[in-house]
Amino acid sequence: MLVETVVLASVGLLVGAAAALVLPGYFPSPRTLTVLTGGVAAVVAGLVARAALGPHHTALPAGVGAVTAGLLVSVLARPDRVRPDRRSRRHSHRPA
């Protein structure tokens, strides 16, 4: 169970770190909050899933933890605070 908890924490921390690195403008809160939210969410959800499903399911709690971490990290995202890029790739003005 200790190994499973470490795996769940690692998966959650990776989800939080990836979100903070890929979309930094969406997360105005400190990066540590984003990363720790992913880690804690994955551990709690994975352990609840393990308790509900039993010890015979080994991979499913990790998947549940990863999905839950992604969902709870997305709650922290603030897309309304992102400034639109003035020169979008779609509508770039090329000289004729």
Side-chain angles (χ1 to χ4, degrees):
M1 187 155 142
L2 178 64
V3 173
E4 187 174 10
T5 305
V6 170
V7 168
L8 287 168
S10 300
V11 167
L13 292 173
L14 285 173
V15 168
L21 290 174
V22 172
L23 300 168
Y26 279 63
F27 297 97
S29 59
R31 289 187 186 191
T32 55
L33 177 67
T34 305
V35 172
L36 289 177
T37 298
V40 171
V43 169
V44 171
L47 293 178
V48 168
R50 184 178 190 276
L53 297 172
H56 300 294
H57 299 281
T58 55
L60 193 57
V64 169
V67 169
T68 305
L71 290 173
L72 287 181
V73 165
S74 72
V75 170
L76 298 175
R78 297 291 307 263
D80 58 325
R81 299 227 176 152
V82 177
R83 284 188 241 150
D85 190 17
R86 289 186 181 181
R87 290 179 28 171
S88 174
R89 291 180 201 162
R90 245 181 163 176
H91 304 288
S92 62
H93 298 285
R94 297 181 191 164

Once salt bridge (charged side-chain N to carboxylate O under 4.0 Å, His left out) is applied, what residue pairs with a partner in residues 9-20 remain, sequence neighbours excluded?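 Every pair satisfying salt bridge (charged side-chain N to carboxylate O under 4.0 Å, His left out) with a residue in residues 9-20: there are none.
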
Salt bridge (charged side-chain N to carboxylate O under 4.0 Å, His left out) pairs, two or more places apart, involving residues 5-21: none

According to side-chain hydrogen bond (donor to acceptor under 3.5 Å, both in side chains), who are the partners of Arg78, at least two apart in sequence or on a separate chain? Asp80

Validation: residues 31-47 side-chain donor-acceptor distances under 3.5 Å, sequence neighbours left out:
from  : atom 1 : to    : atom 2 : distance (Å)
Thr37 : OG1    : Leu33 : O      : 2.6

Using residues 3-26 as the side-chain source, report each donor-acceptor pair under 3.5 Å to any protein atom, sequence neighbours left out, with the distance given to one decimal.
from  : atom 1 : to    : atom 2 : distance (Å)
Glu4  : OE1    : Arg50 : NE     : 2.6
Thr5  : OG1    : Met1  : O      : 2.8
Ser10 : OG     : Val6  : O      : 2.9

Which residue pairs satisfy the side chain to side chain donor-acceptor pair (under 3.5 Å) criterion with at least one member in residues 63-74, sequence neighbours excluded? none

